[in-house]
Every structure is written in structure tokens, then in C-alpha cells.
Participant: 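Please find one structure pasted underneath; my questions will follow.
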Amino acid sequence: MIEFVLDGRSRVATYMQLVLQVKQALRVGLAQPGDRLPKVRDVAQALAINPNTVLKAYRELELEGLAEGRPGVGTFLVRTLAGPALAHQAELRAELTAWLHRAQAAGLTREDITALVDTTLRATPERPPTDGAAPA
Amino acid sequence: MTESALNTEALGKRYGQTWALRDCSLELPAGRIAALVGPNGAGKSTLLHLAVGLLRPDTGQVRVFGRDPREDPDARADLGFVAQDTPLYPDFTAAELITMGRRLNPRGWDDSIARDRLARLGLPLDKRVGRLSGGQRAQVALALALAKRPRLLLLDEPVAALDPLARHEFMQALMGAVGEYGTTVLLSSHLLNDLERVCDHLVLLHTSQVRLSAPVDDLLASHCRLVGPRTPDGAAVPGVAEVVRASHTERQSTLLVRTDGPVDENRWTVHQVTLEDLVLAHLGTSARPTASEVAA
């Protein structure tokens, strides 16, 4: 079962931090469809946060079709984000590492690289996946 | 519409010539965790004592789930209160305090809630509470308040005197309890950072009056900080309903504002604010609240 942590310095809203952690876990295969999310009360207690915040995160996951609430039982993951994308990650990571080394050799600092990636991401329109990776 | 857990109308309390709380109208919907914030002497404790019926109002009225806590024993049965510095009889053990709570609260009391909570924390039931640490005493007080099974739990500075670890453990216990029982909470505190993660509603008192009472999400969405070319005080800024706080340098103005429309983003750089920014800005102004803020 997923164990949530909070980044105290993050400006990302608390509920969104929980949503992103579930998505990240789904993406890398640490969480899978059928897994139950921790009880709202347990998350609220462990992180000392408002139970409504946890509920909001779970509702958001339900709205995105990633989770499903079963009354009296809990909230369960119903979809994965891994799929074919996961298989490509190792290869993409290797390419990215090579690119980062080139960027460093070219004299770019960490901040330069982050800024370059951010602006390029923003400037690049999203293309639909071509290899059947479309979510169900 | 959501049921109202706490409702006050033109509530006021006076000590001699001095108003401790004045013209206080607010509504706290059931299911919220509300922060009661304000400088010392702003009237926080007075408001809490009026809400639990320990003080008699001089003006206006207070309702707990629609009932007057001074007139109606059912209203008092709905209430739990953890007073400042969690006063407990120091020579009593936790077990004795639980027995006392049961005898004093014949309706609704559940021993097992207090016993289970203290057992889970590893707190001894047979030790005089005067011998416990501050954090442990706070946990005993919370467990006793929860055993009453209140629908509205009021806490007056429950963690102010605790060290950071005890404070965190107290908030963990409180949030776990809210998750379990769905209790509505009104919690006064100075520690804004702690509250940001916990509270979804803010009541801000300043000089004995309600300055803000609204859902935290609404407040954060409607306030922002604008940085742009120097703008004289009092000048109208499109999209801005109220300038809460302004500071100026020779060429630049920094405004913390409440917006009511889109702001010209070519002229202003818009920064999001934290709950703490917002509270500090509102405390820095002594202006009277506008009707829409208080009604929220």
C-alpha cells in the first residue's frame, strides 16, 4: 500500500501532492489497479492533515478515472498509468542522461537546464501516443 | 445547504467599559476544521467561552447546531471544549478523570474512546496527570473531550505550550479523530504554519471584531500579491476589490489585494499568497470589514 509523504516546502497544494504521489506510483508500477488506498483517517492521522484534504485527493483521483470508491470498503485504484510508457522509460532515461551530460559539457548550470526543459515542454504541443499507449 | 455547527449573530461581550468581543456574526458549517486566529486580546477565548455557554453574552446570540448552549442541555451535550493550557485536576489519574467525565456527562459518554486512545499512545491510566508531560496531559484532555462524543469540538490554544514533537502528535491525534467521527472543529492558535495543512475554514478576529470568516480555499483564491509600477494609495486597480496592504518604493508598488475580477497581467506580476501572508496582511490593517467578507 502506498505511504504518503508531504513536502513541507512545496507550494503545491496538499491534496494535489497526494494525487501526484498516487500518479507517480502508478506510472512507475509501484501501485497497481486493485490496490486499496490507505483509509482517509489513517492518512489524516499519519500526516496530521485535514481528513477533508485526503477526501479531496481521492475524489480527484476518482474524477480522473484512476480510482473508485466502494462504499464501506475503501477507495481502490482501477487503472494504471504505466502501460507501454513504462517499458520505454529506461531507454528514454538513458537518452536523457546522455543529453544532460552534453548540456553540462556545454556549460549549462542546473537552473539553465531546468529552465530550458520547462520552456521547451511548454512550447511543445502534446502529441497523441502512436503505439497504443492511449489510456483506456 | 450544509447544517450550521456554530452560528453567532451580533454577539458581544463587555467587561466594564471594554468590549472583549463586539458585533460578531459568523457561521461555521458542520464538517469544517476552522482556525480561530488573531492577536492576543482579540477576543478568541471570549468567543470560545461564549460558544460553550461558559459566558453570558451582553449582546446578540450564539447557536450550536441551532440551539442556545446556555438554555439547552442538548446543545451542551453536542459540545466538547479543551480550554487553554488543558487544565486537569493534577492529583487525579487519567482513569479517575474518565470516571468523572462519565458521571458528569450521563448522556453520550463513551469510556472506551478515551481508554483506547490513551492505550494506543502508551499513556498510563494510573498515574496522576500532574506527573505527566505537557504533551501527555494535552492528549488526556483531548481523549476526555472526545469521549463526550461532541459534534462540535472547541480548542483554545491546545498546542501553544507544547514542544514541536508533542504538537505534531497532538495534531495527528486530533486529525485522526476528526477522520473517524466527522467532528466539526474550531481551534484557536497562533501557529499559522501548523494551521495551513489542517484548517479548511478561517475566522480572523482583530480588535474584538470579525475581520474574516470564510473557507480557506475561497480566501486563497480571492487574494493575491501584485507587483508592478508605482500606484498611488487609493487609486482604483481593475479587478481589485480591496487593497489589504500596500507598500511602495520609488518606482514599484507591492499590493496584497482581494480580487473580484481579472487583473491586468501585463501591468502586474501576480503572486499567490499563503494563508500566513493573508492573515498578516489583514492584521496589519485596521479597516472595518466589508459586508461580503463577513457574510462569507
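Worth saying up front: this structure is predicted, and the values here are computed from it rather than measured. To find a chain, count down the sequence lines: A is the first, B the second, and so on, and within it residues start at 1.
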Participant: Looking at every heavy atom in both Leu186(B) and Leu48(B), which two are closest together, and how far apart are they?
Facilitator: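 Leu186(B) and Leu48(B) have their closest heavy atoms at CD2-CD2, 3.8 Å.
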Participant: Is it the case that Thr97(A) and Glu95(A) place a side-chain donor and acceptor less than 3.5 Å from each other?
Facilitator: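 Glu95(A) and Thr97(A) do not have a side-chain donor-acceptor pair below 3.5 Å.
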Participant: What part of Gln272(B) is in contact with chain A, defined as an atom under 4.5 angstrom from a non-hydrogen atom: side chain, backbone, both or neither?
Facilitator: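 It is both, since atoms from each part get that close.
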Participant: Heavy atoms only, distances under 4.5 angstrom: which of Ala173(B), Ala177(B), Gly179(B) has the most pairs with chain A? Name it, please.
Facilitator: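 Result: the option with the highest number of such pairs is Gly179(B).
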Participant: With rounding to the nearest 0.5 Å, note down the distance linking CG in Leu146(B) to OH in Tyr181(B).
Facilitator: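 The OH atom of Tyr181(B) is 6.5 Å from CG of Leu146(B), to the nearest 0.5 Å.
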Participant: Tell me whether Arg151(B) forms a cation-pi arrangement with Phe65(B), defined as NZ or CZ under 6.0 Å from the six-membered ring centre and within 45 degrees of its axis.
Facilitator: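 Yes, Arg151(B) sits over the ring of Phe65(B).
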Participant: Please state whether the rings of Phe4(A) and Tyr58(A) are parallel, tilted or perpendicular, taking 30° and 60° as the class boundaries.
Facilitator: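 Aromatic pair Phe4(A)/Tyr58(A) classed tilted.
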Participant: With a 4.5 angstrom heavy-atom cut-off, is it the side chain or the backbone of Leu47(A) that approaches chain B, or both, or neither?
Facilitator: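 Answer is backbone: N, CA, C or O of Leu47(A) sit under 4.5 Å from chain B.
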Participant: Chain A contacts: which residues in residues 117-124 of chain B have a non-hydrogen atom closer than 4.5 Å to it?
Facilitator: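 Under the 4.5 Å heavy-atom cut-off, nothing qualifies.
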Participant: Would His223(B) and His271(B) count as a close aromatic pair, with their ring centres under 6.0 Å?
Facilitator: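 No, the ring centres sit 6.0 Å or more apart.
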Participant: Minimum heavy-atom separation for Ala44(A) and Met175(B), please, with both atom names.
Facilitator: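 Scanning both residues completely, I find the closest heavy atoms to be O-CB, 3.5 Å.
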